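These numbers come from a predicted model, not from an experiment. Here is the naming used below: chain letters follow the sequence lines, and residue numbers restart at 1 for every chain.
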2 protein chains.
Amino acid sequence: MGGPNKSLTRRDFLYRTAALGGSALLLNTMNAWGMGIASRVSAPPVLSGSGKGKKVLILGAGLAGMTAAFELGKLGYDCQVLEARSFAGGRCQTARKGFKLQELGGEVQECQFDAGHYINHGPWRIPMHHGSTLHYTRLFNVPLEVMVNDNDQAWIYLENGGPLAKQRLRPAQVKSDMRGHVAELLAKSVKNRQLDQQVNAADKELLLDYLANEGHLDAGDLRYKGRSGRGFRVNPGAGMQPGAGQASDPLGFGDLLASKVGKVYSAVQDFPMQNTMFQPVGGMDRIARAFEQRVGRRIRYGAEVQTLRQDAGKVTVTVKDTASGKLSAVSADYCLCTLPLSVLRMIDTDFSSRFKTAVQAVTYMPVGKIGLQMKRRFWEEDDQIYGGHILTDLKGINTISVPSSNWQQKKGVLLGYYNYMLDAIEVSALSPAERAEFALAAGQQIFPAYRDAYENAFSVAWHRVQYNLGGWAEWTEESRKAAYPLLHEGEGRVLLAGEHLSYLTGWQAGAIESAWQQIERIHARAQA
Amino acid sequence: MGGPNKSLTRRDFLYRTAALGGSALLLNTMNAWGMGIASRVSAPPVLSGSGKGKKVLILGAGLAGMTAAFELGKLGYDCQVLEARSFAGGRCQTARKGFKLQELGGEVQECQFDAGHYINHGPWRIPMHHGSTLHYTRLFNVPLEVMVNDNDQAWIYLENGGPLAKQRLRPAQVKSDMRGHVAELLAKSVKNRQLDQQVNAADKELLLDYLANEGHLDAGDLRYKGRSGRGFRVNPGAGMQPGAGQASDPLGFGDLLASKVGKVYSAVQDFPMQNTMFQPVGGMDRIARAFEQRVGRRIRYGAEVQTLRQDAGKVTVTVKDTASGKLSAVSADYCLCTLPLSVLRMIDTDFSSRFKTAVQAVTYMPVGKIGLQMKRRFWEEDDQIYGGHILTDLKGINTISVPSSNWQQKKGVLLGYYNYMLDAIEVSALSPAERAEFALAAGQQIFPAYRDAYENAFSVAWHRVQYNLGGWAEWTEESRKAAYPLLHEGEGRVLLAGEHLSYLTGWQAGAIESAWQQIERIHARAQA
């Protein structure tokens, strides 16, 4: 089958944005915040021996760096973590009231959300397959709640949807009707003996029985005529109201095919997108804070790495204090660099040119997100959409995602867009106010109450964030072959970790598992 | 199509238990705790005028009774609620430490769950379509959380599954593979021009494109060979582990058909079973408590109705105090009787014989549930099942449902069975200890850790619960015609409400909406 990797690239990227015709078609890997595949291990390596007397310098206090500090610390290593920001977590951030962000060349944004509301503008999902991330939420008692990632009652809205363009459709309608019509077509063909070559007599009855159930076909004429799953014309209730009104009329097969909306969904969710999806109660940065509580004393904040040198005995890093501008030097036996490659490539190092070329080989994804505070949860109140994603091909939007917290409360913060690549670059050129206006104009097409309910916004363009310069590493098949093994090996006393050194790029699990791998290697060398 | 009602009856009952061959096949309505259809209204009737000076006697402090007391109270009616139990809520109960239950002819069970753990042994789900229930959770600030009702990673386990019998299958595998094989069959037939009569040239390419996506078919040979959604042989991770291992091998089409497991699922979830499903944080009885806080002073507890009489001017009820055994009489202008018909039919009334016959016409569902406290959440830790239902045809079990609360904590209470009809009657004849043993023996077949992790149990058989005598009302087409209109009309100054007087039987929404309907009628008559 050419491996799911290749296939997934074509088919399943970004909520199947490909099917929507978005710019994501240009992408050539499948991993993203919101895509990717399951983690392989769910516990840190079991290491024996002691790290006492050995110093490890960790660059970056994101999840990879803090994982390493936590696990190496338990072995007795003397770890120091250098972090350019004033807080730990890396991309594991949550914007809530008072959170400040200044993108490169941009104005300072200060988040104005009401207390209790937030947007996870970095990673926002923890798939139940990601045993490594779940290892730490469990160990650190970070309370989780369900993040509704799949809601057949959310809207899909296609500007370019042929005969179904600019209509709000429920995924439940699309799935019911596509599968119903297809089941009808196949069932009739089987019944009419058109497929007798392929289907033997024994299987024939079983297949018809399956199709009748799958497509809710009429037992008499094998026709699909709607079903409760797509909704009723009038819902039943109490009193003399009949119990089951007629199912609403199906969308036509021809219209569905011409709209291509059926391609937005697939037989099952991709592995990492299946229920149950989690989020920490209160914001994704609860994970960062939980790590920070445990390794915070090892972290030096406002410490921007300027140069990195090594010799046979040690690694030396010069650090600029971001407050005073003063330079100082730090040495250690080993260095674990968890800086994004997009940042590392701009640091003055004495890596070999071969290694430097490898560091350059990986591109980083331009990504934008915006949180919009709404004074009324119109998606719940008016449309009965409780969590999940409104998928759309509206340019630069991709998804409007409504929150899986604060159910039924007065206000809510929704995700107004989640864009990538050229769209993200374009939108990121706007000022914060212009981005909000851009998001509102689009959302208004789907939700009549959108603009009236709007209160304030907080947006990020990760490719413009100083210490990230992109959302996540984007590997190509070529760079996986040429650069990845070198980077994974490290050079001399410097090893690398982070989501970029995994096959779970863009996921927190990738950062954690990569750290697990590299500390095992550091420990083996230190013990040797 | 004969209406979805009839079709649903056949097809969709009880997690498609019909497909599993359970005794639920005998049932002839679709409504249950866990089935049924959406509520029609989402706010109480807007009533003007005053009820001052009018007395309404409400029989039963379940959700219907308390809804009536709350809404009529706002209009100024003098409401008194008679409740035989020592607490309010009716079937809206939650068993947690200290909760006591003595079934008729049974021993007293006292729940031994650890603090923070519970089982909703009555209603346990609030579909997002049930605007009426959600009206009160919102109004009363009852915090909700997602109840995972759909988990493609949970097991399905069929004893009678032909070639796939006694295997733990993931729904994701079954759905991937059934839909994949079916898409392949249809795609090849279309490609081979076997369906040229039915599919025109323009639709042909669109259909092939859809099927390739739906079934994840190989672009070359149109074969289904597995997909990420069904899982990998080896999951990807960090380091040098390849990014996307091969998809695991699909189940064979013939085996799937012969097992009939594909029939357990369908194109979409039925309307009320779709995401997002809710539960109150801490237990379903939070709703009962919220009502009780507001109308509790109107409730007389331990008040068992003995007789009901009416004349042209008033209704009089004699009440036995369950503590003292003393009888007393209460009169009112109107009476709203929310007692289950199973209970009402045993009370001495002066209803006409026609009305009495109608009261007798409705059968009540025998239902059993058991909560099992497990000292370890093996379903999460060993099997990555976070919430949802393990579907099985193991006799008397139907579903093992794992909790959607206390994620990643040490212990958990799961639902060990949810049985109906003859199964429920059979199991209910066992002692509480024997029921636990029955549940453990079955669960052990699916989860190796089941019995070892078991700590204690709490079970209920609703048909043996004194003031319920059944789970919910079971209407037939005949009784809906003959009895329902009479009961809905009431007789004289007595009106009836409850889930049984709705087309949402077995749902809290049915009780609430029925109360809304009847208070509107009482108010109209009082104002006249």
(request) Would you mind checking which part of A:Thr137 comes under 4.5 Å of any heavy atom in chain B, side chain (CB onward), backbone (N, CA, C, O), both or neither? (result) both
(request) Identify which part of B:Gln384 has an atom lying under 4.5 Å from any heavy atom of chain A, answering side chain, backbone, both or neither. (result) both
(request) Look up atom CG in B:Leu207 and atom CG in A:Leu256, then write down how far apart they are to the nearest 0.5 Å. (result) 11.5 Å
(request) Let me know if A:Glu145 has heavy atoms under 4.5 Å from chain B in its side chain, its backbone, both or neither. (result) backbone
(request) Compute whether any side-chain donor of one residue and acceptor of the other, for A:Ser189 and B:Gln198, lie under 3.5 angstrom apart. (result) yes
(request) Go through the atoms of A:Glu205 and report whether side chain, backbone, both or neither lie under 4.5 Å from a heavy atom of chain B. (result) neither
(request) Quick one: which of A:Gly388, A:Ala172, A:Pro171 has the most heavy-atom pairs under 4.5 Å with chain B, could you say? (result) A:Ala172
(request) Kindly give the heavy-atom pair with the smallest separation between B:Ala238 and A:Gln517, and that separation in Å. (result) O-NE2, 3.6 Å
(request) Determine, step by step, whether A:Asp209 and B:Lys260 satisfy the salt bridge (Lys or Arg N to Asp or Glu O under 4.0 Å) criterion, reporting the C-alpha distance in whole Å, the side-chain angles of both residues, the deciding distance to 0.1 Å, and the verdict. (result) CA-CA 9 Å; A:Asp209 199 34; B:Lys260 301 185 183 176; 5.4 Å; no
(request) Name the member of A:Val148, A:Val199, A:Asn192, A:Leu185 that forms the most heavy-atom pairs with chain B at distances under 4.5 Å. (result) A:Leu185
(request) Check each atom of A:Tyr224 against the heavy atoms of chain B and say whether the ones under 4.5 Å are side chain, backbone, both or neither. (result) neither
(request) Please look at B:Val190 and chain A and tell me whether the side chain, the backbone, both or neither of the residue comes under 4.5 angstrom of a heavy atom of that chain. (result) neither
(request) Look up atom CG in A:Asn406 and atom CG in B:Leu144, then write down how far apart they are to the nearest 0.5 Å. (result) 11.5 Å
(message) Rounded at 0.5 Å granularity, tell me how far CG in A:Leu134 sits from CD in B:Glu380.
(response) 9.0 Å
(message) Which residue is it: A:Arg230, A:Gln173, A:Arg227? I am looking for the one with a side chain to side chain contact (heavy atoms under 4.5 Å, CB included) to B:Val268.
(response) A:Arg227
(message) Testing the basics here: between B:Lys263 and A:Tyr210, what is the closest heavy-atom pair and its distance to 0.1 Å?
(response) CG-CA, 4.0 Å
(message) Contact between B:Asp150 and A:Asp150 at the side-chain level, heavy atoms closer than 4.5 Å - yes or no?
(response) no
(request) Could you grab the distance from atom CZ of B:Phe278 to atom CH2 of A:Trp407, nearest 0.5 Å is fine? (result) 4.5 Å
(request) Locate the shortest heavy-atom distance separating A:Asn213 from B:Gly262; write the atom from each residue and the value. (result) ND2-O, 4.3 Å
(request) Check B:Ala267 against A:Lys175 and note the closest heavy-atom contact, atom names and distance. (result) CB-O, 4.2 Å
(message) So which residue, A:Asp152, A:Ile385, A:Leu195, A:Asn200, ends up with the most heavy-atom pairs under 4.5 Å with chain B?
(response) A:Leu195
(request) Select one option (side chain, backbone, both, neither) describing which atoms of A:Leu211 are under 4.5 Å from chain B's heavy atoms. (result) side chain
(request) Drop me the distance from B:Phe271's CZ to A:Gln153's CD, to the nearest 0.5 angstrom. (result) 6.0 Å
(request) Go through the atoms of A:Gln197 and report whether side chain, backbone, both or neither lie under 4.5 Å from a heavy atom of chain B. (result) side chain
(message) Holding to side-chain contact (heavy atoms from CB on, under 4.5 Å), I want the full list of residues that pass it with B:Glu520, two or more places apart in sequence or in another chain.
(response) B:Pro45, B:Leu47
(request) Find the distance between CE (A:Met178) and CD (B:Glu214) and round it off to the nearest 0.5 Å. (result) 7.5 Å
(request) Considering non-hydrogen atoms only, spot the tightest contact between B:Asn151 and A:Thr276 and give its length. (result) ND2-OG1, 3.6 Å
